[in-house]
2 protein chains.
Amino acid sequence: MTSSVSPDPSPGGTRWLDAEEQRAWRAYLFSSLLLQDRLDRELTHQTGISHAYYEILVALSETPGRMMRMSELADRCLSSRSRLSHAVSRLEERGWVRRQVCAEDGRGQLAVLTDEGFAALDAAAHVHVESVRTHLFDQLSPEQVAAIRDVGETLLRHLDPR
Amino acid sequence: MTSSVSPDPSPGGTRWLDAEEQRAWRAYLFSSLLLQDRLDRELTHQTGISHAYYEILVALSETPGRMMRMSELADRCLSSRSRLSHAVSRLEERGWVRRQVCAEDGRGQLAVLTDEGFAALDAAAHVHVESVRTHLFDQLSPEQVAAIRDVGETLLRHLDPR
DNA sequence: GCGGAATAGTCAAGCCTTCAACTACGCTCT
DNA sequence: AGAGCGTAGTTGAAGGCTTGACTATTCCGC
């Protein structure tokens with residue numbers, strides 16, 4: 001990984017990255033970090049909604065009845081249950097989401113998007129989509145867009161096989 | 001961005017993503033989030049060093065004298081100055097880094113990697129490289145690796161023009 | 001030299017995330 | 001029915017990150 005930490009040529013040892021691989025890895029890592037950071041900042045500063053909260057609102061908005069079980073929502077948002085529970089509590093304080101006990105399963109809770117929440121999402125979506133276009137799609141050729149989709153789906157099959 | 005938030009067909013309005021673009025964006029976003037999460041967890045659990053701290057140690061190890069100005073280190077690690085200052089304080093407590101006043105600029109501080117820090121990095125590097133290989137390079141064809149490098153460098157030129 | 005602006009870094013408050021309990025409910029076997 | 005176990009979700013404490021204010025030092029034009 002580093003040039004100072006010496007490679008181990010012994011068979012069975014660590015499979016170090018060569019110079020080309022390091023370049024690819026760093027370009028990929030740094031660019032994705034910077035992109036996420038930029039998108040999150042623009043969204044947060046212009047709308048007061050972090051990307052994490054935005055993802056929760058989007059997930060709810062796409063569902064029939066605009067409601068979803070807490071666990072399902074956590075999975076959808078790549079979030080732990082605890083994290084989601086805290087986040088929903090904050091969104092509840094803003095009046096954008098409310099909790100509702102689940103009829104079929106007494107253990108369960110449903111997170112429900114309110115009309116105020118939907119309106120907030122609607123406003124934020126304009127800002128966010130414009131950011132994604134400016135910093136991602138406007139920068140890439142159609143071939144590059146196809147490539148990130150291909151690589152993304154390949155990695156998802158490995159990292160998150162459903 | 002969402003199918004529920006209705007597209008705006010008016011000229012000059014928000015340039016919404018079509019279905020294909022959404023697919024590409026989500027695959028890219030979720031895969032990069034999951035990959036970072038996985039790598040960070042494996043590194044943290046197996047070595048006690050988070051990826052953020054690892055990057056700091058790597059940056060220092062690659063420099064002549066294994067030392068770097070705080071600001072330069074912050075830039076290199078995509079970190080704010082405040083965050084880096086906190087992180088270096090923690091690394092100091094572990095005995096892996098020490099601070100040293102900068103000779104040329106009385107305002108400045110140098111972060112210096114200690115021998116203990118180098119040893120810790122050396123151990124962590126094996127774990128981390130193996131993770132990167134398992135979850136990234138082993139999953140991708142040479143063409144896909146070339147693609148992530150190409151896209152990464154393209155985005156870096158836009159997001160971080162030096 | 002000296003006053004003002006810029007730069008380097010630290011610090012404190014507040015929010016977010018994680019981890020490890022903990023409560024409550026449902027399912028199954030007897 | 002009820003014991004035992006697994007699942008759903010919440011909570012609180014601990015620690016990390018961000019923001020903005022603050023100190024100290026250097027640079028620059030007069």
Side-chain angles (χ1 to χ4, degrees), chain A residues 33-34 36-57 59-60 67-94 96-112, chain B residues 33-34 36-46 48-57 60 67-94 96-112:
Chain A
L33 287 173
L34 281 170
Q36 285 162 212
D37 188 60
R38 183 71 78 84
L39 296 177
D40 190 36
R41 277 174 201 279
E42 290 186 356
L43 188 60
T44 302
H45 285 153
Q46 294 177 41
T47 71
I49 305 176
S50 70
H51 194 259
Y53 288 11
Y54 180 82
E55 281 294 333
I56 294 173
L57 300 179
L60 291 176
M67 59 182 59
M68 200 184 277
R69 287 289 292 272
M70 293 295 283
S71 306
E72 200 186 341
L73 190 52
D75 289 346
R76 191 33 250 276
C77 298
L78 307 181
S79 179
S80 70
R81 312 216 158 167
S82 175
R83 181 187 178 197
L84 182 78
S85 183
H86 285 294
V88 166
S89 298
R90 312 274 146 59
L91 292 172
E92 242 180 334
E93 289 166 11
R94 296 194 193 186
W96 292 349
V97 170
R98 63 186 164 74
R99 276 179 232 248
Q100 182 178 303
V101 292
C102 179
E104 300 105 47
D105 187 339
R107 295 168 299 183
Q109 292 274 107
L110 290 164
V112 187
Chain B
L33 287 174
L34 281 170
Q36 286 162 211
D37 189 60
R38 183 71 79 84
L39 296 177
D40 190 35
R41 276 174 203 281
E42 290 186 356
L43 187 60
T44 302
H45 286 152
Q46 294 177 42
I49 305 177
S50 71
H51 194 258
Y53 288 10
Y54 180 81
E55 280 295 333
I56 294 172
L57 299 180
L60 290 176
M67 57 182 63
M68 199 182 280
R69 288 290 291 271
M70 294 293 283
S71 307
E72 199 186 340
L73 189 52
D75 289 347
R76 189 38 248 275
C77 297
L78 307 181
S79 179
S80 69
R81 315 223 157 159
S82 176
R83 182 187 179 195
L84 182 78
S85 183
H86 285 295
V88 166
S89 298
R90 310 259 158 60
L91 292 173
E92 245 182 331
E93 289 166 11
R94 297 194 192 186
W96 292 350
V97 170
R98 62 186 165 76
R99 278 178 231 248
Q100 181 178 304
V101 292
C102 179
E104 301 104 48
D105 187 339
R107 295 169 301 182
Q109 293 272 107
L110 289 165
V112 187

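Letters A, B, ... mirror the listed sequences (proteins, then strands); counts begin at 1.
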What's the spacing between B/S50 OG and B/H45 NE2 if we round to 0.5 Å? 11.5 Å
Do you know the tightest heavy-atom contact between B/L110 and B/V101? CD1-O, 4.3 Å
Is the backbone of B/S85 close enough, under 3.5 Å, to the side chain of B/S89 for a donor and an acceptor to pair up by distance? yes
Spacing between B/D75 atom CG and C/dA8 atom C1', to the nearest angstrom: 12 Å
Atom-to-atom span, CZ of B/R83 to P of C/dC16 - whole angstrom: 17 Å
Nucleotide N/O to protein N/O under 3.5 Å, stretch nucleotides 21-26 of chain C:
{"unit_1": "C/dG26", "atom_1": "OP1", "unit_2": "A/G106", "atom_2": "N", "d": "3.0"}

note: B/L110, atom CG; C/dG9, atom P; distance rounded to Å ~ 8 Å
Closest-nucleotide ordering on DNA chain C, the 5'-leading residue of B/H45 and A/Y53: A/Y53
Given A/E92 and A/R99, is the side-chain contact (heavy atoms from CB on, under 4.5 Å) satisfied, shown in steps? CA-CA 8 Å; A/E92 242 180 334; A/R99 276 179 232 248; 3.0 Å; yes
How many whole angstroms separate atom CZ of B/R99 from atom C1' of C/dC11? 12 Å
Hey, can you pull the residues of residues 84-91 of chain B with a non-hydrogen atom under 4.0 angstrom from DNA chain C? B/S85, B/H86
A/Y54 OH to A/L39 CG distance, which is reported to the nearest 0.5 Å: 10.5 Å
Can you measure B/Q109 atom CD to D/dA24 atom C1' for me and round it to whole angstrom units? 11 Å
Starting at atom CZ of B/R81, determine the distance to atom C1' of D/dA24, rounded to an integer number of angstrom. 15 Å
Determine whether any donor atom in the side chain of A/S82 lies under 3.5 Å from an acceptor atom in the base of D/dT11, or the reverse, and answer yes or no. yes
Could I get the full list of salt bridge (charged side-chain N to carboxylate O under 4.0 Å, His left out) partners for A/R41, not counting sequence neighbours? A/D37
Drop me the distance from B/R90's CZ to B/I56's CD1, to the nearest 0.5 angstrom. 10.0 Å
Using whole Å, what does the distance between atom P of nucleotide D/dT7 and atom CZ of A/R69 come to? 13 Å
When rounded to whole Å, the NE2 to C1' distance for the pair B/H51 and D/dG16 reads 17 Å
